[in-house]
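Notes for the one structure printed next.
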Amino acid sequence: MSAEVQEHAERIDRLLKVDRQVVLAARIHGLILGVRNKELTIEDVIRFTNIDREQLLKMMESEGGSADATASGNCS
């Protein structure tokens with residue numbers, strides 16, 4: 001087996017061992033940061049995910065900070 005094929009197999013093995021909940025949490029965290037950094041709007045997240053406005057606002061509040069200020073200034 002070549003070194004390149006071996007490295008590829010090792011990467012696949014590592015990815016298969018990653019907990020799906022950890023990946024999901026990281027993706028949600030990225031969406032929340034995108035909204036807070038004004039890279040995404042709440043409408044973007046609602047449109048392109050299955051997360052509704054209430055769920056998103058609750059998740060933003062649970063990650064700290066006020067979701068109200070972010071929502072009112074970033075949902076156009």
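The chain is numbered in sequence order, starting from 1.
Inter-residue side-chain proximity for V35 and T41 is flagged as unmet; no heavy-atom pair is nearer than 4.5 Å.
In this structure I32 satisfies the side-chain contact (heavy atoms from CB on, under 4.5 Å) test together with I28, R36, L56, M59, M60, E63, sequence neighbours excluded.
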If you look only at distance, which donor and acceptor atoms sit under 3.5 Å apart when one is on a side chain in residues 2-10 and the other is two or more places apart or in another chain?
{"residue": "S2", "atom": "OG", "partner": "V5", "partner atom": "N", "Å": "3.2"}
{"residue": "Q6", "atom": "NE2", "partner": "E10", "partner atom": "OE2", "Å": "3.0"}

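Note: the hydrophobic cluster containing I51 also contains L24 (ILVMFWY, side chain heavy atoms under 4.5 Å, direct or indirect links).
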Full working for side-chain contact (heavy atoms from CB on, under 4.5 Å) between T49 and L31: CA-CA 10 Å; T49 69; L31 291 171; 4.0 Å; yes
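Once rounded to the nearest 0.5 Å, the distance linking CG of L57 with CG of D52 reads 9.0 Å. Distance CG/L33 to NE2/H29: 3.5 Å, rounded to 0.5 Å.
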